[in-house]
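Naming: A, B, ... by sequence-line order, numbering from 1 per chain. We use all heavy atoms of the structure for the numbers below, so side chains are in, but hydrogens, waters and symmetry mates are not.
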Protein chains: 2
Amino acid sequence: MGVKERKERDKVEMRDKILQSAQQLFLAKGLDQTSIRNIAEAIEYSPATIYLYFKDKNEIIHALHLDGFRLLVRHFEPLVKFTDPFERLIEMGNAYIKFATTNPGVYELLFVRTEPMEHVSNCLDEEWKEGDRAFDVLFQTVTQCQQSGHFKGLDTQNLSMMIWSFIHGLCSLGISNHIAHVKEARDKKLVVDAVMASTYQTFQTVMERLKA
Amino acid sequence: MGVKERKERDKVEMRDKILQSAQQLFLAKGLDQTSIRNIAEAIEYSPATIYLYFKDKNEIIHALHLDGFRLLVRHFEPLVKFTDPFERLIEMGNAYIKFATTNPGVYELLFVRTEPMEHVSNCLDEEWKEGDRAFDVLFQTVTQCQQSGHFKGLDTQNLSMMIWSFIHGLCSLGISNHIAHVKEARDKKLVVDAVMASTYQTFQTVMERLKA
DNA sequence: CAAAATTACTAAACGGTGTTTATTTTTAGA
DNA sequence: TCTAAAAATAAACACCGTTTAGTAATTTTG
């Protein structure tokens, strides 16, 4: 009687199919241009069928959100090779910026859009594990920097939040095209990426000075 | 024959009426819940009439965008009373945070949403004056800090961008509810405002250390 | 094996969106 | 008063997320 088992397999298969198409559309055309109807057309089912596998659109968005976080965490994995915590901190920033600029749509989904946050609020706290893990990578690195004698007298949590705020601000301004309209960016005809790079360079210098 | 003049007055009056209603709805219910149809109903005209005064919805959004910038600049005006440039810099951050947290919808419109940016791209650069003015307030203050001997060896433009990135990152994470999901924020049951305040406090300490 | 019951699916509708077109109403000038 | 221009709109178009009621396929049961 493997019927029930096969049906369950079919069910998750369909779920994956929906999610896969949703992701494809999302990466190609952005979140706002990814509609339930588009997804349905892509998988050659009626729109109503989607609702047999997902409660609503936000549940789909949330699933993509989780995938995005996994992608981010994967960007952080190579950082273990940097034994010096300060160096790792700097490289973490570079990895974060690279993730954001090469996957702007995903970045927006993770850290700019509020839709996934609203969904998370209605879930068990359990669901936010991925987010915690990503922040923890930063927190642990800052902790190790302080154990090495850097950043004395600064609260680890606050300093981590400060660093995240800066990097996130830089990335979101870059992605949302706000940097392109700042005077100097126009005058000097620097592209957004260059402004981001030189700004991060200055941040790096500032952190260096805080070491002592 | 002041009929032509009166008609022109009527035209701008109608434009203002539309904009006023749009702003009211926008502040009350957010951008996404402010539809052309809502605005039309509020001014007791048909939706199609709106299009006799505005090319499309983005043109309305852009007008609100300009108003928002003026509001931000107004938040910066009291800062002239701080004669010490470093003190002014710190207070500027407080003013910015206050603006963002008390007008989250407006803040989102100015610095998170991309719709107004897209519209700005299709305009003369002239249109972005307000944005430049706001950034210039920061840039000039950083310049004066450096003239007072602070932040030696750091590029003014990059340092200004760094500061803006941090503050913007902090505000946007706060507004978008992402801070609320960071572990420590939950564990210690700190509200978002408290996390923002203590993070900014740490930033202030960091900037103090850079003075020398 | 046929009938009943369950499951999978979808057509159609509801109420919403931004925007356009054709039409009607209002206004102004001769 | 009649006509031409201007202003406003009704209705439609093409979308959107979502729900409901009903159909088609499949599985279980007698």
Out of C/dC9, D/dT19, D/dT18, which nucleotide sits closest to the side chain of A/Thr49? C/dC9
Among the nucleotides D/dA7, C/dT10, D/dT9, which one has an atom lying closest to any side-chain atom of B/Ala48? D/dT9
Does D/dA8 have OP1 or OP2 sitting under 4.0 Å from an N or O in the side chain of B/Ser46? no
Which residues in residues 26-40 of chain A have at least one heavy atom lying under 4.0 Å from any atom of DNA chain C? A/Arg37
Rounded to the nearest Å, what distance is computed from the [atom1] atom of residue [X] to the [atom2] atom of nucleotide [N]?
X       : N      : atom1 : atom2 : value
B/Lys55 : C/dT19 : NZ    : P     : 8 Å
B/Phe54 : C/dT20 : CZ    : P     : 15 Å
B/Ile18 : D/dA7  : CD1   : P     : 13 Å
A/Glu13 : C/dA8  : CD    : C1'   : 15 Å
A/Ile60 : D/dT18 : CD1   : C1'   : 12 Å
A/Tyr51 : C/dT10 : OH    : P     : 15 Å
B/Tyr45 : C/dT26 : OH    : C1'   : 11 Å
B/Leu52 : D/dA5  : CG    : P     : 18 Å

List in chain and number order the residues that pass side chain to side chain donor-acceptor pair (under 3.5 Å) with A/Arg70, two or more places apart in sequence or in another chain; answer none if no residue qualifies. A/Asp67
Under 4.0 angstrom, heavy atoms only, what part of the nucleic acid is A/Tyr53 near: base, sugar-phosphate, or nothing? sugar-phosphate
Ignoring hydrogens and geometry beyond distance, is a side-chain donor-acceptor pair present between A/Tyr96 and A/Tyr107 at under 3.5 Å? yes
Less than 4.0 angstrom from a charged side-chain N to a carboxylate O is my criterion; do B/Glu8 and B/Lys11 meet it? no
Using modelled atom types and a 3.5 Å cut-off, is there a donor and acceptor pairing between side-chain atoms of [X] and backbone atoms of [Y]?
X        : Y        : answer
A/Asp16  : A/Leu19  : no
A/Gln146 : A/Phe151 : yes
B/His178 : A/Leu110 : yes

Between A/Phe69 and A/Phe111, does the ring centroid distance fall short of 6.0 Å? yes
